[in-house]
S.K.: 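Sharing a structure, written as structure tokens. Questions coming.
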Amino acid sequence: MIRVSTKFDRPAPELVERLGSYSSATIHEAQGRLGALDSSIKPVDHRMSLCGPAFTVRCAPRDNLMLQTAIAYARPGDVVVVSAGAYREAGSFGDVLANACRAKGLAGLVTDTGVRDTEDLRALGFPVFSRGVCIKGTVKETVGPLCEPITVGGELVRPGDVIRADADGVVVVRREDAAEVAAASRERVEVEAGYIAAYRAGRSVAELCGLTPLLAAKGLVIDEE
């Protein structure tokens, strides 16, 4: 007998909402350039965006038994995060399961394998981030763990960690770091807004970023006209 538990701590919804207001790139930079999943994991539609606690599942390649099980037990607002061996040649998720996720109020899906029915997924608008697109079907044979730490896109993802994904990519934030990362992300956005305002006011990149002494220290001399 294999026994699994679906009990884990989730971050406060308001904290998830705060993180969801920042881009994946901003969060990645704000937490010290950490947590970015492999760039091959992309949305099936660039308009898709998600943020929520990770409900983790490990599947065998070309086998979506545990993915379906995860969908059955995940809670509203969860992001189902699938580790399936980074196997591209499988369409492990499509429009039927996406409708099941939408009906349950799940926040989205992140998987290191393939998905299919992408036109229907775009029409439905359920956020799906995958390593590829493949029409090949799957089997339902292999049981595996739920709600345990997994590796996806080269990053460790634990149940309850916050997943933020948008057109640029996917980033994971440790549950215990979420408040600190949200604050750091806000500070980064404010700093960048100051740069943008200065550029629009006529300040130069060389001036604001201190490029002249930096380039000189590296031996680069620029003769201006």
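Quantities reported herein were computed from a predicted structural model and do not represent experimental measurements.
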S.K.: Return the minimal non-hydrogen interatomic distance between Ala54 and Val157, and the atom names on each side.
M.R.: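 Shortest heavy-atom contact: CB-CG1, 3.7 Å.
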S.K.: Looking at CG of Asp168 and OG1 of Thr26, how far apart are the two atoms once the value is rounded to the nearest 0.5 Å?
M.R.: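 Asp168 CG to Thr26 OG1: 9.0 Å, rounded to 0.5 Å.
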S.K.: Looking only at heavy atoms, which two atoms of Ser130 and Val115 are closest? And how far apart?
M.R.: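 Of all heavy-atom pairs spanning Ser130 and Val115, the closest is OG-CG2, 3.5 Å.
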S.K.: Among residues at least two apart in sequence or on other chains, which ones pass side-chain hydrogen bond (donor to acceptor under 3.5 Å, both in side chains) with Arg10?
M.R.: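 In terms of side-chain hydrogen bond (donor to acceptor under 3.5 Å, both in side chains), with neighbours along the sequence ignored, Arg10 is linked to Asp78.
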S.K.: Check whether any side-chain heavy atom of Leu67 lies under 4.5 Å from a side-chain heavy atom of Leu65, and answer yes or no.
M.R.: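 Result no, sub-4.5 Å side-chain heavy-atom pair not found.
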S.K.: Side chain to side chain contact (heavy atoms under 4.5 Å, CB included) for Met66 and Leu146? Distances and angles first, verdict last.
M.R.: CA-CA 8 Å; Met66 294 311 298; Leu146 287 175; 3.8 Å; yes
S.K.: Identify whether Tyr22 and Val191 are in the same connected component of the hydrophobic contact network (ILVMFWY, side-chain heavy atoms under 4.5 Å).
M.R.: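 In one cluster with Tyr22: Val191, no.
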S.K.: When you compare the side chain of Arg164 with that of Ser49, does any pair of heavy atoms fall below 4.5 Å?
M.R.: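 Side chain of Ser49 against side chain of Arg164, heavy atoms only: contact under 4.5 Å found.
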S.K.: If we ignore hydrogens and angles and just use 3.5 Å, is the side chain of Gln31 paired with the main-chain N or O of Val172 as donor and acceptor?
M.R.: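 Answer holds: yes.
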S.K.: Tell me, do Ile27 and Val181 make a side-chain contact under 4.5 Å, heavy atoms counted?
M.R.: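 Counting from C-beta outward, Ile27 and Val181 do come under 4.5 Å.
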S.K.: Of the non-hydrogen atoms in Pro149 and Pro159, which two are nearest, and what is the gap between them?
M.R.: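 Nearest pair, atom of Pro149 first, then Pro159: N-CD, 3.9 Å.
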S.K.: Does Glu17, at its CD atom, have more than 12 non-hydrogen atoms belonging to other residues, nucleotides or ligands within less than 6.0 Å?
M.R.: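 No, because the 6.0 Å sphere around CD of Glu17 holds 12 heavy atoms or fewer from other groups.
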S.K.: Please name the pair of heavy atoms, one in Cys134 and one in Ala90, separated by the smallest distance, quoted to 0.1 Å.
M.R.: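 Of all heavy-atom pairs spanning Cys134 and Ala90, the closest is SG-N, 3.5 Å.
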S.K.: Hydrophobic clusters here meaning ILVMFWY residues chained together by side-chain heavy-atom distances under 4.5 Å, can you tell me if Phe129 and Val16 are in one?
M.R.: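 Per the 4.5 Å side-chain linkage, Phe129 and Val16 are not co-clustered.
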S.K.: Roughly how far, to the nearest 0.5 Å, is OG of Ser83 from CD of Glu148?
M.R.: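 Those atoms lie 11.5 Å apart.
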S.K.: Are there over 12 heavy-atom neighbours, none belonging to Tyr73, within less than 6.0 Å of that residue's OH?
M.R.: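 Result for OH/Tyr73: open.
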S.K.: Does any part of the side chain of Gln68, heavy atoms only, come nearer than 4.5 Å to the side chain of Lys140, both counted from C-beta?
M.R.: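 Counting from C-beta outward, Lys140 and Gln68 do come under 4.5 Å.
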S.K.: To the nearest 0.5 Å, tell me how far Leu211 CG sits from Leu220 CG.
M.R.: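 It comes to 10.0 Å.
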S.K.: For residues Thr142 and Asp63, is any side-chain donor paired with an opposing acceptor at under 3.5 Å?
M.R.: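 Asp63 and Thr142 do have a side-chain donor-acceptor pair below 3.5 Å.
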S.K.: Keeping His46 on the side-chain end and Ala167 on the backbone end, is there a donor-acceptor pair under 3.5 Å?
M.R.: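 Such a contact is absent between His46 side chain and Ala167 backbone.
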S.K.: Heavy-atom distance under 4.5 Å between the side chains of Val170 and Ile41, does that happen here?
M.R.: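 When only atoms from C-beta onward are counted, Ile41 and Val170 do touch, with a gap below 4.5 Å.
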S.K.: Return a table of donor-acceptor pairs under 3.5 angstrom between the side chains of residues 118-127 and protein atoms on other chains or two or more places apart.
M.R.:
| unit_1 | atom_1 | unit_2 | atom_2 | d |
| --- | --- | --- | --- | --- |
| Arg122 | NE | Val44 | O | 2.8 |
| Arg122 | NH2 | Val44 | O | 3.2 |

S.K.: Side chain to side chain contact (heavy atoms under 4.5 Å, CB included) with Leu37: which of Val110, Asp112, Thr151?
M.R.: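 The side chain to side chain contact (heavy atoms under 4.5 Å, CB included) with Leu37 is passed solely by Val110 among Val110, Asp112, Thr151.
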S.K.: Is the shortest heavy-atom distance from the side chain of Arg158 to the side chain of Thr56 under 4.5 Å?
M.R.: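 A side-chain contact under 4.5 Å is absent here.
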S.K.: Are Leu97 and Val143 connected in a single hydrophobic cluster, I mean Ile/Leu/Val/Met/Phe/Trp/Tyr linked by side-chain heavy atoms less than 4.5 Å apart?
M.R.: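 Val143 clusters together with Leu97.
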S.K.: To the closest 0.5 Å, what do you measure between SG (Cys51) and CG (Leu19)?
M.R.: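 The distance works out to 5.5 Å.
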S.K.: If I compare all heavy atoms of Pro145 with all of Val4, which pair ends up nearest, and what's the gap?
M.R.: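 Looking at all heavy atoms of both residues, the closest pair is CA-CG1, 4.3 Å.
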S.K.: May I ask you to check whether over 12 heavy atoms, not counting those of Ile135, lie within 6.0 Å of atom CD1?
M.R.: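 No, not enclosed.
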S.K.: Given side chains that start at C-beta, do those of Leu156 and Arg174 come closer than 4.5 Å, heavy atoms only?
M.R.: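 With C-beta onward as the side chain, the pair touches.
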S.K.: Hey, does Val81 have a side-chain heavy atom less than 4.5 Å from the side chain of Phe55?
M.R.: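 No; the side chains remain at least 4.5 Å from each other.
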S.K.: Find out if a path of hydrophobic residues (ILVMFWY) with successive side-chain heavy-atom gaps under 4.5 Å connects Leu106 to Val128.
M.R.: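 Yes, Leu106 and Val128 fall within the same hydrophobic cluster.
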S.K.: Please enumerate all residues that pass side-chain hydrogen bond (donor to acceptor under 3.5 Å, both in side chains) together with Glu29, with sequence neighbours excluded.
M.R.: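 Glu29 satisfies side-chain hydrogen bond (donor to acceptor under 3.5 Å, both in side chains) with Arg33 only.
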S.K.: With sequence neighbours left out, what residues match Ala198 under side-chain contact (heavy atoms from CB on, under 4.5 Å)?
M.R.: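 Result, side-chain contact (heavy atoms from CB on, under 4.5 Å) vs Ala198: Arg203, Leu208.
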S.K.: Tell me the closest heavy-atom pair linking Ala178 and Val173, and the distance in Å.
M.R.: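 Scanning both residues completely, I find the closest heavy atoms to be CA-CG1, 3.8 Å.
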S.K.: Can you tell me if Arg58 uses its side chain to pair, donor with acceptor, with the backbone of Gly85 under 3.5 Å?
M.R.: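 Checking the backbone N and O of Gly85 against the side chain of Arg58, no donor-acceptor pair under 3.5 Å is found.
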S.K.: Under a 4.0 Å N-O cut-off, is there an ion pair linking Arg18 with Glu14?
M.R.: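 No, this pair does not count.
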S.K.: Would you give the length of the straight line joining atom OG of Ser24 to atom CG of Asp166, rounded to the nearest 0.5 angstrom?
M.R.: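 It is 3.5 Å, given to the nearest 0.5 Å.
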S.K.: Establish whether Phe8 and Val79 are linked, either directly or via other cluster members, by ILVMFWY side-chain heavy-atom contacts under 4.5 Å.
M.R.: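 Result: yes, single cluster for both.
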S.K.: Can you pull out every side-chain hydrogen bond (donor to acceptor under 3.5 Å, both in side chains) where at least one residue sits in residues 88-105? Sequence neighbours excluded, please.
M.R.: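 As it turns out, the side-chain hydrogen bond (donor to acceptor under 3.5 Å, both in side chains) pairs with a partner in residues 88-105, which skip direct neighbours, are Glu89-Lys136.
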S.K.: Just verifying a value: how many Å separate Arg131 CZ and Tyr87 OH, rounded to the nearest 0.5 Å?
M.R.: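 Answer rounded to 0.5 Å: 11.5 Å.
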S.K.: Arg200: what forms a side-chain hydrogen bond (donor to acceptor under 3.5 Å, both in side chains) with it, not counting sequence neighbours?
M.R.: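 Testing Arg200 for side-chain hydrogen bond (donor to acceptor under 3.5 Å, both in side chains), a comparison that skips the adjacent residues, returns none.
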